[in-house]
Each structure stands twice: as structure tokens, then as C-alpha cells.
Amino acid sequence: MAGRFVHRPTRTTVRGGDVVVPRQASAAAGRMRSWVPEGPLDLGLVLGPLRRGPGDPTFRVTADGSVWRASLTPVGPGTLRVSAPGGEVRGEAWGPGGAWLLERLPEMLGAADDPDAFVPRHRLVAVAQHRRPGLRLTRTGLVLESLIPSVLEQKVTTDEAYRAWRSLVRKFGSPAPGPVGGRMWVMPAPRAWALIPSWEWHRAGVDDKRASTILRVVRVAARLEQAVSMPAEEARARLEVVPGVGPWTSAETVQRSHGAADAVTVGDLHLPGIVGWALAGDRDADDAVMLSLLEPYAGQRHRAARLILLSGRTPARRAPKMPRGDIGKL
């Protein structure tokens, strides 16, 4: 989480990667919807957490600032294009899941979020909030879409996790509907995940532990997707019933599926040190210290952590980056 949300001064503010423009984007018209948000809205900050690396086949940003997403909805695959010219949000969608995506467009862009409930308790957090008034917490309403890539990110570098997600989605997913077919992909359905051969997991760099967790997840996919109607803490408890899904993974999931403002990520390699350094000058802070420092933000701890990460105040590295592994070469 920590490495993915560190502020980068990019044009789109969407984390990582090149800007890829889908060709023939206006070749086929899809369903349309317009929506006017209350207050400022930054598409990059809101939807950026849904992007899994610069080569994510389910996520693209065009040169005009529009965000494209390919999702597997409860009614089928869909592609959504979101733009915000002049303060009005415009959504265009294709595929069987297009209407479902448009119906939930406001929630995806933070309509269910309440940023006014957040009260900064530190100057650094207050400055970060002031500089990014368009930050809202997304709520996708899709659990597996965030849970499976979060499992892939367990105990490995982000590069390894992004490579695995990219490889598996392109190989076993389906082309996204609409004008981006062949350049964007919808993640595999639960049955498709379950049928991935063991050697393909290996080639994608996914060890047996993470692969086994995903296989257990997709066996109870329907029950896990039902968790989207639960409060975030109850949803986390249901997710953690699955062996291999712990507090880190459940928090990373509900932050996106539920827009959970208080689901702070515990067990992260970097986040405690970043929060400790930003708020107390303690780069060696552990989870207990981090939670203590975030206690004044109870109910809004995830938002506070995001603002700290977006502030750019991070401790300098004291050691080389963790080496990237590739079990597919073994």
C-alpha cells in the first residue's frame, strides 16, 4: 500500500505508468450518463488505487485525462470511460455490465464518502488535505476485483505482484467490450481462475501459497461478493474466514470495494515507518505505534494514512530495494 500511494508529480496523479490512449475510442458509442459531484473531484486521486501497476490491462488513462476501466460485474463484463470536463462527470459504458457500472458511477467516484467528517489533527495532514480537495474514497461494489490482486501482492515486491496480475489477466481473462477490445482485458471469472493450471501460476511468478489462497477464494466467490452489502468490519471478518486472507489483505480489499475510511492497513512493510516518520519523526515505528499515532483519526484512519502518503514526507531509504524474484525462471 505504502509504495503505491507515495505522491508522484505526474500529469494525471494516477499512480505509476505510461499514459496509453486507446485507439478508435469514438468508433462505437456506448451507454451514457452524466453526474455533477458536490464539491471538487480529482479522477486520478479517486480511481488511482484501483490501478495495479503501469501495465494493468484493466485500467488505462488517456491523454485527455479520461479514465478507462474494464470490470467483471455481477451481470457480465463491462468497460467504463469516465471524464470530468468542466466539473461535470461523464460516463460511457459498453458491454453487458455497462448499465451496472453506470448505475454505480457516483459511488465509484466517492458520492457515498463523507470527506467533511475528517478533521486534521496534524499540520502535515491539514496541508495535504488542503492541497488535494478532490480526494474521495472510491466504492466499487466489487469484492473479488480487489481481493484477488491483493492476494497476489502478499509478501512480494509490487513489481512481482503487478507482473503476475498482468500476465494472468491477459492470458485467462477476456477482451474488454467496446472500442478498447484487444488493448484492455476483463479479469477472469471465478471458474476461470479455478481452472488455471499449476504451471501457469508458476510461470506468472505466483508461489503455491498465494495461488492456493486464490483458489480457496474463488470457491466461495458468491458468498464473498455478498459481503459488499455488509458494514466494512463485518465484511472483513467474512473475508478473513478464508485461510490465507488476513488483516492486511482484507483491509486492502474493503478500502476499494466499500470505500472504508477507517480500514487502515496493518502488516504493511513500509506504512508504519512512513506514518511514524511523518507524525512523530520515528522511522522505526511498528504497527502498534502507527495505530497509536492514528488514534485521533478513529473512524477516518485510512483517509489519514492516504493523506500522509500523498504529502510526500517519507524517510530516506537506508537499504537497497528488496530484490525482485521470479520463480517462473526456476
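Positions are given from 1 along the sequence. Bear in mind the structure is a predicted one, so any value in this text is a computation, not a measurement.
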query: Are Val75 and Leu105 grouped together when hydrophobic residues (ILVMFWY) are joined by side-chain heavy atoms under 4.5 angstrom apart?
result: yes
message: Looking at every non-hydrogen atom in both residues, tell me the closest pair between Leu41 and Arg136 and how far apart they are.
response: CD1-CG, 4.0 Å
- prompt: What distance separates Asp208 CG from Thr213 OG1, expressed to the nearest 0.5 Å?
  reply: 9.0 Å
Validation row: Leu279, Ile308 side chains within 4.5 angstrom (heavy atoms): yes
statement: Across all chains, not counting sequence neighbours, the side chain to side chain donor-acceptor pair (under 3.5 Å) partners of Arg139 are Glu107
field: Heavy-atom pair of closest approach, residues Ser257 and Thr140
entry: CA-OG1, 3.4 Å
task: Could you tell me whether the side chain of Arg283 and the main chain of Thr314 form a donor-acceptor pair under 3.5 Å?
output: no
4.5 Å side-chain heavy-atom contact, Trp68 and Val61: no
- prompt: Are any non-hydrogen side-chain atoms of Leu45 and Arg132 less than 4.5 angstrom apart?
  reply: yes
query: Short question: side chain of Thr58, backbone of Val186 - any donor-acceptor pair under 3.5 Å?
result: no
Where Gly76 and Thr73 come nearest, the two heavy atoms and their spacing: O-OG1, 2.6 Å
task: List the atom of Pro190, the atom of Leu144, and the distance in Å for their closest heavy-atom pair.
output: CG-CD2, 4.0 Å
task: Say whether, by atom type as modelled, one donor and one acceptor occur between the side chain of His258 and the main chain of Ala227 under 3.5 angstrom.
output: yes
- request: Measure the spacing between CZ of Arg163 and CG of Leu152 and express it to the nearest 0.5 Å.
  value: 11.5 Å
- request: Look at Lys171 together with Glu200 and state whether they make a salt bridge at an N to O cut-off of under 4.0 Å.
  value: yes
Atom pair CD (Glu225) and CZ (Arg238), whose distance is rounded to the nearest 0.5 Å: 11.0 Å
query: Got a second to check how far Arg131's CZ is from Ser311's OG, nearest 0.5 Å?
result: 9.0 Å
- prompt: Given side chains that start at C-beta, do those of Arg69 and Glu145 come closer than 4.5 Å, heavy atoms only?
  reply: yes
task: Look at the side chain of Arg183 and the backbone N and O of Pro179, then say whether any donor-acceptor pair between them is shorter than 3.5 Å.
output: yes
field: Within-4.5 Å side-chain heavy-atom neighbours: Asp282 and Asp284
entry: yes
message: Quick check for you: to the nearest 0.5 Å, what is the distance between Ser250 atom OG and Leu147 atom CG?
response: 9.0 Å
- prompt: So, does Trp193 use its side chain to make a donor-acceptor pair with the main chain of Pro188 at under 3.5 Å?
  reply: yes
query: Can Arg81 and Asp64 be counted as an ion pair, charged N to O under 4.0 angstrom?
result: yes
- request: Write down the atom of Ala204, the atom of Ser167, and the distance for their closest heavy-atom approach.
  value: CB-OG, 4.1 Å
query: Checking Thr249 side chain against Val245 main chain: does a donor-acceptor pair fall under 3.5 Å?
result: no
query: If you count the non-hydrogen atoms of other residues, nucleotides and ligands that lie under 6.0 Å from CZ in Arg90, is the total more than 12?
result: no
query: Is it true that Trp277 and Val266 fall in one hydrophobic cluster, defined by side-chain heavy atoms closer than 4.5 Å?
result: no
field: Pairwise side-chain contact, Asp56 with Tyr162, heavy-atom cut-off 4.5 Å (strictly under)
entry: no
message: If you count every heavy atom of other residues, nucleotides or ligands that lies below 6.0 Å from Arg170 atom CZ, does the total exceed 12?
response: yes
- request: To the nearest 0.5 Å, tell me how far Leu239 CG sits from Met230 CE.
  value: 9.0 Å
Minimum heavy-atom distance between Val228 and Leu142, given as atom pair plus value: CG2-N, 4.3 Å
- prompt: Considering only heavy atoms from C-beta outward, does the side chain of Ile148 approach that of Trp165 to under 4.5 Å?
  reply: yes
query: Any donor-acceptor pair under 3.5 Å linking the side chain of Asp287 with the backbone of Gly267?
result: yes
task: Applying side chain to side chain contact (heavy atoms under 4.5 Å, CB included), run through Phe172 and Leu195 and close with a yes or a no.
output: CA-CA 9 Å; Phe172 299 100; Leu195 294 178; over 6 Å; no
message: Set out, in order, the CA-CA distance, both residues' side-chain angles and the distance that settles side chain to side chain contact (heavy atoms under 4.5 Å, CB included) for Val180 and Thr79, then state yes or no.
response: CA-CA 8 Å; Val180 292; Thr79 301; 3.9 Å; yes
field: side chain to side chain contact (heavy atoms under 4.5 Å, CB included) between Val242 and Val220, intermediate numbers included
entry: CA-CA 9 Å; Val242 180; Val220 291; 4.1 Å; yes
- prompt: Looking at the rings of His122 and Tyr297, which for Trp means the six-membered one, are their centres under 6.0 Å apart?
  reply: yes
query: Salt bridge or not for Arg303 and Asp113, using N-O below 4.0 Å?
result: yes
field: Under-4.0 Å salt bridge between Arg256 and Glu252
entry: yes
query: Hey, are Glu153 and Arg210 close enough for a salt bridge, meaning a charged N less than 4.0 Å from a carboxylate O?
result: no
field: Close side-chain approach of Ile196 and Leu215, heavy atoms under 4.5 Å
entry: no
message: Please evaluate residues Ser150 and Arg52 with respect to the criterion side chain to side chain contact (heavy atoms under 4.5 Å, CB included), reporting the C-alpha separation (whole Å), side-chain torsions for both, the decisive distance (0.1 Å), and the verdict.
response: CA-CA 9 Å; Ser150 294; Arg52 305 290 181 162; 3.6 Å; yes
- prompt: Does any N or O in the side chain of Glu92 come within less than 3.5 Å of the main-chain N or O of Arg33, such that one atom is a donor and the other an acceptor?
  reply: no
Evaluation steps, salt bridge (Lys or Arg N to Asp or Glu O under 4.0 Å), between Arg301 and Asp262: CA-CA 5 Å; Arg301 293 178 298 175; Asp262 196 47; 2.9 Å; yes
message: Is a donor from one side chain sitting under 3.5 angstrom from an acceptor on the other, for Glu295 and Ser292?
response: no
field: Single-linkage hydrophobic cluster, 4.5 Å side-chain cutoff, Leu271 and Leu137 together
entry: no
